Amino acid sequence: MSKPHSILPGFRLSLGYTILYLSLIVLIPLSAIFFKTALMSWPDFWALVTSPRVVASYKVTFGTSLVAALINCLFGLVVAWSLTRYQFVGKRFFDALVDLPFALPTAVAGITLSSLYSVNGWVGQYLEPHGIKVAYTPTGIVVALTFIGLPFVVRTLQPVLEDLEAEVEEAAACLGATRWQTFRRVIFPAILPALLTGFTLAFARAIGEYGSVIFIAGNMPMISEITPLLIVAKLEQYDYSGATALALVMLVFSFVLLFTINGLQWWASRRGQRGA
Amino acid sequence: MQPKKSARSTQEPRWLRYSLIGIALAFLLSFLFLPLVFVFVQALAKGVDTYLDALKEPDAWSAIRLTLITAAIAVPFNLVFGVAASWAIARFEFKGKAFLVSLIDLPFAVSPVICGLIYILLFGSHGWIGPWLQDHDIKIVFAIPGIVLATVFVTFPFVARELIPLMQAQGKDEEEAAISLGASGFQTFWRVTLPNVKWGLIYGVILCNARAMGEFGAVSVVSGHIRGETNTMPLHIEILYNEYQQAAAFAVASLLALLALVTLVLKSVVEWRLRKELAAQDELPPDGLPATPRTAHA
């Protein structure tokens with residue numbers, strides 16, 4: 001590949017600055033979490049991160065994030081498929097609209113969704129007579145997290161769907177496969193890594209999400225209290241070690257997910273190479 | 001372009017096509033478009049005067065100002081970092097490059113609340129250098145520097161993430177040619193690299209700015225919520241909403257929603273330019289280029 005010595009200047013300067021800035025802004029501050037937790041004794045730490053209210057918050061956070069990511073996979077696939085394969089009026093508008101959750105501040109999304117889905121909101125008033133309560137319940141959290149996560153799934157799937165070669169599908173059709181068989185046996189396996197990556201990205205984002213959730217969640221301990229909110233609550237009571245211990249648990253989980261995403265992308269790129 | 005017959009066997013039946021489009025559009029309209037419309041309707045629900053009054057209020061003003069200041073500091077910082085990082089990563093080979101790229105992505109994986117927490121652990125009154133700061137009368141958390149720091153953290157990867165893949169795809173031939181023709185490093189960067197990555201850079205800045213102005217979780221933790229002093233727009237919205245001042249909350253929210261709309265439009269335009277430029281690059285066969293010495297460093 002490329003030679004160890006490049007004639008381009010600025011390697012030391014740019015790499016040095018990159019590492020310095022990265023350390024000052026990200027690495028050193030993040031390490032504070034580990035050092036602070038290291039000051040706690042193991043039994044204290046364990047008792048804290050497994051206390052009933054905390055465990056309930058894990059269940060709410062992970063449960064709602066999982067459901068939201070699954071909903072996003074299903075509808076995200078339909079949206080990405082329609083945007084890449086079909087022609088319809090306003091396609092460019094809808095394509096741009098997909099990015100709205102990236103662009104709209106989470107606090108705005110939070111107050112909007114909770115007003116929309118509250119008992120006398122535009123949507124909530126039609127759900128209420130059917131006994132469906134969304135705002136101030138875990139269902140509301142799922143709605144907010146679905147909103148936040150959608151672009152991750154659509155934007156990971158779109159390029160893969162665009163790059164699929166038509167010949168492969170034609171070959172499947174020539175060999176007598178029905179359209180459904182072609183989708184299940186040819187298209188789906190090809191887009192599976194991207195779908196899983198999108199799922200993990202949406203899931204990872206949902207777990208840490210705070211702004212859009214707290215408005216719609218109702219934030220009842222044991223029922224609709226998410227872990228990030230519990231961290232904030234502990235901070236407000238000046239329980240710094242408690243907040244840090246919870247942060248560490250979430251951080252470790254985020255790192256595992258980041259690792260998974262990198263692994264999935266590596267898998268996807270290897271697949272792409274083999275197919276080419 | 002395809003003959004009709006073969007197209008049919010690799011397409012879904014008409015009813016399925018229409019129902020898939022229907023489901024997709026219904027989902028996008030109800031989940032994304034409806035909330036967007038709702039913001040503006042609520043903001044103007046009590047008339048234009050109430051709307052303007054909510055924006056003229058001194059606390060709202062100071063929130064707007066603080067949001068603009070924060071973005072004006074955080075974005076350039078991350079822009080310079082993004083350029084430096086992508087120059088190092090896309091132009092040179094070194095050990096641990098993949099690891100460095102993952103580290104740059106790290107802030108995306110961390111919950112916004114934790115981003116705020118780490119600065120409290122460092123600079124808070126019980127933090128590592130908190131006591132020292134107190135002795136010297138420097139305030140970082142629960143003050144503007146903390147808000148800026150938290151914003152820099154959450155928007156850290158945006159520019160670098162856009163530039164690295166773009167610069168890797170473009171390769172370093174043109175810069176090497178410039179250097180071997182006697183250009184200085186700075187000239188090469190200014191005249192060759194920057195024009196080449198211009199659109200990618202703008203794209204990253206747009207995304208970075210949108211997040212910087214809209215960040216809530218991280219800023220909320222370090223802000224201290226002092227009205228008129230350390231409230232950014234998203235925090236101001238929260239306070240108004242919790243005080244049941246719906247119209248005022250949505251009035252401020254509508255400004256951020258406008259920002260989101262502008263971001264989306266700019267993003268679409270820049271994406272279109274980027275695609276055009278990359279397509280133009282692909283069309284030129286390598287030997288069709290003007291005679292540039294491709295192996296200058298041989």
Side-chain angles (χ1 to χ4, degrees), chain A residues 2 6-11 14-15 17-18 21-22 25-26 29-30 32-33 36 75 78-79 81-82 86 88 94 96-97 99-100 103-109 111-113 115-116 122 146-147 166 169-170 173 179 204 208 210-211 228 231-232 235 240 243-244 247 250-251 254 257-258 262, chain B residues 6 9-10 12 17 20-21 23-24 27-28 31-33 35-36 38-39 81 84-85 87-88 91-93 102-103 106-107 109-114 117-119 121-122 126 152-153 156 172 175-176 179-180 185 210 214 216-217 221 234 237-238 241 249 253 256-257 260 263-264 267-268 297:
Chain A
S2 80
S6 173
I7 61 159
L8 295 178
F11 174 62
S14 60
L15 186 67
Y17 181 72
T18 301
Y21 188 75
L22 180 75
I25 298 286
V26 179
L30 265 184
I33 301 246
K36 178 89 181 164
F75 285 97
V78 176
V79 169
W81 182 272
S82 303
Y86 305 141
F88 49 88
F94 284 106
L97 189 67
D99 281 326
L100 180 73
L104 193 72
T106 51
V108 179
I111 64 166
T112 309
L113 291 173
S115 305
L116 267 178
W122 284 7
T146 308
F147 177 88
E169 288 170 54
E170 279 161 17
R179 194 60 193 145
Y210 175 73
I231 295 178
V232 173
L235 267 181
Y240 290 136
T244 314
M250 291 198 69
L251 211 53
S254 302
L257 281 178
L258 193 70
N262 280 344
Chain B
S6 74
S9 58
T10 54
E12 294 73 41
R17 246 183 300 163
L20 285 177
I21 295 175
I23 295 172
F27 186 77
L28 290 178
F31 255 81
L32 302 184
F33 191 61
L36 186 62
F38 187 78
V39 176
F81 162 73
W87 181 262
R91 291 292 174 261
F92 301 94
E93 298 300 323
S102 322
L103 284 183
L106 206 57
V110 176
S111 169
V113 169
I114 298 179
L117 170 70
I118 55 179
Y119 289 110
L121 292 182
L122 283 184
H126 301 282
V152 170
F153 185 101
F156 183 84
K172 54 185 174 186
E175 279 120 352
E176 284 174 348
I179 293 282
S180 64
F216 177 75
V221 171
I237 293 173
E238 184 199 18
Y241 187 80
L256 288 176
T263 304
L264 288 186
K267 191 168 177 280
S268 300
H297 58 284

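Both backbone and side-chain heavy atoms feed into the values below; hydrogens, waters and symmetry mates do not. Note that this is a predicted model, so its numbers are computed, not measured. Below, chains carry the letters A, B, ... as their sequence lines are ordered, and counting in each starts from 1.
For Leu103(B), the parts sitting under 4.5 Å from any heavy atom of chain A are the backbone and the side chain alike. Proximity to chain B involves both the backbone and the side chain of Ala247(A), based on heavy atoms less than 4.5 angstrom apart. Of the two parts of Phe88(A), only the side chain, counted from C-beta on, holds a non-hydrogen atom closer than 4.5 Å to a non-hydrogen atom of chain B. At a 4.5 Å heavy-atom cutoff, the contact between Phe81(B) and chain A is made by backbone and side-chain atoms alike. Contacts of Tyr119(B) with chain A are made by side-chain atoms alone, with heavy-atom separations under 4.5 Å and no backbone atom involved. In this structure, the portion of Asn262(A) lying under 4.5 Å from any heavy atom of chain B is its side chain and not its backbone. For Ser82(A), the part lying under 4.5 angstrom from a heavy atom of chain B is the side chain only.
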Let me see the working for Leu36(B) and Thr112(A) under side-chain contact (heavy atoms from CB on, under 4.5 Å), right down to the final yes or no.
-> CA-CA 8 Å; Leu36(B) 186 62; Thr112(A) 309; over 6 Å; no
Given Phe31(B) and Phe75(A), is the ring pair (Phe, Tyr, Trp, His ring centres under 6.0 Å) satisfied, shown in steps?
-> CA-CA 11 Å; Phe31(B) 255 81; Phe75(A) 285 97; 7.8 Å; no
Evaluate side-chain contact (heavy atoms from CB on, under 4.5 Å) for Thr18(A) paired with Trp87(B), printing each intermediate quantity in order.
-> CA-CA 10 Å; Thr18(A) 301; Trp87(B) 181 262; over 6 Å; no
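Classification of Arg179(A) and Glu12(B) as a salt-bridged pair holds, one side-chain N sitting under 4.0 Å from a carboxylate O.
Ring orientation note: the planes of Phe216(B) and Tyr210(A) are close to parallel, at an angle under 30° on the 30°/60° scale. In this structure, Trp122(A) and Phe38(B) have perpendicular ring planes: the angle between them is above 60°, well past the 30° mark.
Annotation: Tyr240(A), atom OH; neighbour count of heavy atoms from other residues, nucleotides and ligands within 6.0 Å is above 12.
Of the residues considered (Gly211(A), Pro29(A), Pro228(A), Ala243(A)), Pro29(A) shows the highest number of contacts with chain B, using heavy-atom pairs under 4.5 Å. Interface summary for chain A: among Leu28(B), Ile23(B), Ile179(B), Thr263(B), the most heavy-atom pairs under 4.5 angstrom belong to Leu28(B). Annotation: maximal heavy-atom pairing with chain A below 4.5 Å, among Pro35(B), Pro107(B), Gly217(B), occurs at Pro35(B). Most heavy-atom pairs under 4.5 Å with chain A: of the set Ala109(B), Ser102(B), Gly185(B), this distinction falls to Ala109(B). The residue among Val110(B), Leu122(B), Leu117(B), Val221(B) with the most heavy atom pairs within less than 4.5 Å of chain A is Leu117(B). Counting heavy-atom pairs closer than 4.5 Å to chain A, the top-ranked of the candidates Arg17(B), Glu238(B), Arg91(B) is Arg17(B). For the options Gly10(A), Ala107(A), Ser115(A), heavy-atom pairs under 4.5 Å to chain B are most numerous at Ser115(A). Between chain B and the options Leu104(A), Thr106(A), Ile111(A), heavy-atom pairs under 4.5 Å are most frequent for Ile111(A). Ranked by heavy-atom pairs under 4.5 Å with chain B, the list Leu113(A), Leu258(A), Leu257(A), Val79(A) is led by Val79(A).
Inter-residue side-chain proximity for Phe11(A) and Glu93(B) is flagged as unmet; no heavy-atom pair is nearer than 4.5 Å.
The CD1 atom of Ile114(B) sits 8.5 Å away from the CG atom of Leu30(A) when rounded to the nearest 0.5 Å. A distance of 5.0 Å separates CD in Glu176(B) from CG in Leu8(A), rounded to the nearest 0.5 Å.
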